[in-house]
Each structure stands twice: as structure tokens, then as C-alpha cells.
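Heads up, the thing below is written out as C-alpha cells.
Here the structure is a predicted model, which is why all the values come from computation and not from measurement. Counting begins at 1 with the first residue of the sequence.
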Amino acid sequence: MATRSDILAKAASLRALFEAQGAAVVEPPILQPAETLLDLYGEDIRARAYVTSDAMRGEQMLRPDYTLPVVQMHMAHGADPARYTYAGEVFRRQERDPNRANEYIQAGYEVFDRGDPAAADAEVFALIQGALEGLPVTAVTGDIGILMAAVAGLDTSASRKAALMRHIWRPRRFRALLDRYAGKTPMPATRAALLASDGAITAPLIGLRSLDEIETRIAALRADATEPALSRTQVSLLLALLDVRETMPNAISQLHDLAVDMPAISDAVDRVAAREKALAARGVDTDTLMFEASFGRVSMEYYDGFVFGFRAATRPDLPTIATGGRYDALTRRLGQGGEIPAVGGVMRPGLMLELEAGQ
């Protein structure tokens, strides 16, 4: 079993690797302001954050990851372009699995660069792949932007598109909504009774929602009930997209075929093709690199394009050894009017040492 000193030494070596690529070392405070950042984390991480209250500073949390604080720091006073690296503790509560660590070391690399997004994606992936060389890991890639583009191109209301977009990172909820909008599932009896009534609120208000909020929600449900069902063709195409799971060249071929009937995804598919060329130029064997259209849908909700992960081939019980992705929209949300294309990845040096030891 690797000691804490061993893990810290491994993390330092990873950070030095990224420093050699021109990355500046940063160390955001362990205690972070919670109000803004909690809204930006995925549902899983948000629910597992250690949150406390400070009389002077309001809600604070132990950092669950590095990316959000680094983006916040960069958008406040970072250079353009910029590369950052870091290594240190992150904290996540564990309520279901006592064997999973609630504190562990994370090392990472973040790129903020307007020049060539495909090249930046390939840079981050190739560096992390190189750092994992010799370990029994398998890589998988995906692109959340394709699914986002497909949803944006559906022939349905803006509110339905917004609901589907919100639940892209919750596959079961997404599929339930898709079935509902396609008319495959009956309307719940309680909702049917509500819509059949005159909508008058006679019960006492005992929850947190105001009367205006309740009435607005009822109006939205009435409007949604009048929407025509999604066509079988659109649903079938979307499901076919989600089922794409192939080596990268074959996946790109399938995606181009789907784009003929789903023109909304054409630009996103072109970005995947450009990324494949950039990865190959970096020495990545894209002929064997897996692409899964659904990959990344249970990870960080701030990813909006390229996503990747490295899994332990011999230890399916372990969490993902390294993960990363593109988060352009996040820089807009934290940039107070500014934005810059950004991509990054994080690694688990403790898990890498476990694999090195053959544990």
C-alpha cells in the first residue's frame, strides 16, 4: 500500500512533467467560497462536498476538485494563452461506499488557448497518456458537444430542449424525458388531474415555493401538454447517436452518416474529426482509441465538448485513473463577460501507484 509520502512524491513528479510543458504552478486555497462553485459542479460532486458556514465569508467548502478554482483564478487575472498545473488534496464525502477515499491527491493540467481547440485537446490527452505509459489502462473518449447539438436541433419547444439539456448528465432521467416527449409513457394520473382542474390553489402553502412559482409551474405544464410528440425518426436518430461505440475512425464514419439526417450535429462531428487528426499528429494510435458517444454523461456537468478517461484494465473496482475534458462554457459563466476555450485533465497518483505495484 502506497504511503502518503509516496503519493505526494508521485504527484510532484506529475506536476514537474506538466511544468516542463510550460505550465505555471498554481495552488488554490483548500477552503473555497461555496455559493458560486456549488452551482457549477455536477449533481454527484455537489451532493458530496464538505460545506461549512463562516460568519464573515458565508458558506465555504473544502475543494472537491481543482478545475473550477483554477478557471475562476484565470478569468480574474490570467494570461492569454495560459497553461497551469497543480497537485494537492481534494475532498469528497462518501455516504454509500466506505472503502472509497474521502480525501485524496489529484494532479492536473489545464490549457486556456484560443488558437486551435483540436490541438489543445490532443495536447492534454497525449500528455496524460504519456504519464500513464506502462500502466494497464485503457482509454476512452467522447464528446458531450455532439449530444448537446443533437438536442438543440430537435423539432420541439425551447422548454423541452432546456429540460433535456439539463439532464444530459443524468442518463436515466434523460431517457425518461425523451420517452415522455415521444408519447411513449402515459401522463401520471396526478398530473392529468391537475391539468383537468381549473388550476385554483386551495391547499395551504406549506413548502418553500411561493404561490407565483406554483402557478408558473402549472402554466408550464399546461403548455407542455399541448406540445406535439417528438417524431419516431428524431427519437430513433438520437438513440442511434447515443449507441455509437467504436474505434475513433469507425465512430467518425458512423457520426458522419448520422449527420446526413441530423444536420445539427455536423459542426460537432467535424470537430471530432479534426481532433482525431490532432491526436494522430501527437502520436496517439487513433485506430485503436475508443470513442463512445455516451461517455462523460455521469461526470462533471461543466464539460461541454471533448471528454476522456483512462480506466484500469486489470482493476475494474478502481475509480477512473485519469479524466478530463473541454469546458468552454464554464469560462463564460465565471468570466464576467470574458471567455476563452479551455480544456484540462486530472490524474490520481495514488491509484497509479497501486497499479504500478500490481495491487
Side-chain angles (χ1 to χ4, degrees), residues 116-126 129 138-156 161 164-165 167-171 174-175 177-179 181-182 230-311 320 323-329 341-343 345:
D116 185 342
D121 291 347
E123 174 186 340
V124 172
F125 181 91
Q129 184 183 56
T138 56
V140 60
T141 66
D143 196 311
I144 297 293
I146 297 178
L147 182 53
M148 288 182 163
V151 170
L154 290 174
D155 184 16
T156 190
K161 291 179 186 179
L164 288 167
M165 287 284 194
H167 293 290
I168 279 175
W169 294 270
R170 303 171 187 89
F174 182 91
R175 181 58 187 268
L177 280 176
L178 195 61
D179 286 345
Y181 296 157
L230 281 172
S231 71
R232 290 184 179 181
T233 299
Q234 289 188 88
V235 174
S236 295
L237 286 169
L238 191 52
L239 294 179
L241 172 62
L242 291 172
D243 283 342
V244 172
R245 186 179 183 276
E246 261 290 357
T247 55
M248 186 165 274
N250 291 334
I252 291 172
S253 178
Q254 290 183 16
L255 292 171
H256 278 305
D257 289 342
L258 286 168
V260 173
D261 296 310
M262 303 175 74
I265 70 171
S266 294
D267 289 345
V269 173
D270 288 343
R271 287 192 289 272
V272 176
R275 185 182 306 127
E276 191 269 342
K277 292 180 181 178
L279 286 166
R282 281 268 178 176
V284 176
D285 181 7
T286 58
D287 287 341
T288 60
L289 181 61
M290 290 300 296
F291 180 94
E292 298 177 9
S294 286
F295 183 74
R297 294 182 63 204
V298 292
S299 61
M300 296 296 191
E301 292 183 21
Y302 50 68
Y303 290 141
D304 58 1
F306 178 47
V307 285
F308 66 87
F310 289 85
R311 301 161 173 161
T320 308
T323 59
R326 177 161 290 280
Y327 47 86
D328 296 352
V343 60

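- Residue pairs that meet the salt bridge (Lys or Arg N to Asp or Glu O under 4.0 Å) test with at least one member in residues 276-294, sequence neighbours left out, are R245-E292, E292-R311.
- Applying the side-chain contact (heavy atoms from CB on, under 4.5 Å) test to R297 and every residue at least two apart in sequence or in another chain returns I144, L147, I168, P171, F174, L242, S294.
- Taking the side chain as every heavy atom from C-beta outward, V269 and Q254 never approach each other to under 4.5 Å.
- Of all the heavy atoms in G296 and V307, the pair that sits closest is CA-CG2, 4.3 Å.
- A donor-acceptor pair under 3.5 Å links the side-chain atoms of S231 to the main chain of Q234, judged by distance alone.
- Between L238 and L230, the closest side-chain pair of non-hydrogen atoms is not below 4.5 Å.
- Using a 4.0 Å cut-off between a side-chain N of Lys or Arg and a carboxylate O of Asp or Glu, R271 and D267 do not qualify as a salt bridge.
- In this structure, CD in Q129 is found 8.5 Å from CG in L279, a value given to the nearest 0.5 Å.
- Residue pairs meeting the salt bridge (Lys or Arg N to Asp or Glu O under 4.0 Å) criterion with at least one partner in residues 139-155, sequence neighbours excluded, are D143-R275.
- For the residue pair G153 and A264, the shortest heavy atom distance occurs at CA-CB, 3.7 Å.
- Of the inter-residue distances, the one linking R170 atom CZ with L177 atom CG reads 10.5 Å to the nearest 0.5 angstrom.
- Within the 3.5 Å criterion, the main-chain N or O of P263 finds a donor-acceptor partner in the side chain of S266.
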Intermediate values then yes/no, side chain to side chain contact (heavy atoms under 4.5 Å, CB included), L154 and L164
CA-CA 10 Å; L154 290 174; L164 288 167; 3.7 Å; yes
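- In terms of heavy atoms, A278 sits closest to A118 at CB-O, 3.5 Å.
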Which is it for S253 and N250 under the side-chain hydrogen bond (donor to acceptor under 3.5 Å, both in side chains) test, yes or no, and what are the steps along the way?
CA-CA 5 Å; S253 178; N250 291 334; over 6 Å; no
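- In terms of heavy atoms, A150 sits closest to M262 at CB-CE, 3.7 Å.
- Between D304 and R326 there is no salt bridge, since no side-chain nitrogen of the basic residue lies less than 4.0 Å from a carboxylate oxygen of the acidic one.
- Rounded to the nearest 0.5 angstrom, Y302 OH and W169 CH2 are separated by 12.0 Å.
- Contact annotation: the side chain of V235 never approaches that of D179 to less than 4.5 Å [non-hydrogen atoms, C-beta and beyond].
- Within the 3.5 Å criterion, the main-chain N or O of A152 finds a donor-acceptor partner in the side chain of K161.
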Report the C-alpha separation of T247 and M290 in whole Å, then their side-chain angles, then the decisive distance to 0.1 Å, and conclude whether the side chain to side chain contact (heavy atoms under 4.5 Å, CB included) test is met.
CA-CA 4 Å; T247 55; M290 290 300 296; 4.1 Å; yes
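- If you take CZ on R175 and NE2 on H167, they are separated by 16.0 Å, rounding to the nearest 0.5 Å.
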Step by step, would you call V244 with I146 a side chain to side chain contact (heavy atoms under 4.5 Å, CB included)?
CA-CA 11 Å; V244 172; I146 297 178; over 6 Å; no
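- Using a 4.5 Å heavy-atom cutoff, the side chains of F308 and V124 are in contact.
- Counting only heavy atoms from C-beta outward, the side chains of M248 and T141 approach each other to under 4.5 Å.
- The shortest heavy-atom contact between L289 and A139 is CD1-CB, 3.7 Å.
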Quick one: do F291 and L255 satisfy side chain to side chain contact (heavy atoms under 4.5 Å, CB included)? Show the steps, please.
CA-CA 11 Å; F291 180 94; L255 292 171; 3.9 Å; yes
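- Looking at every heavy atom in both residues, I252 comes nearest to A273 through CD1-CA, 3.9 Å.
- Close placement of the F125 and F310 rings is indicated, their centers lying within 6.0 Å of each other.
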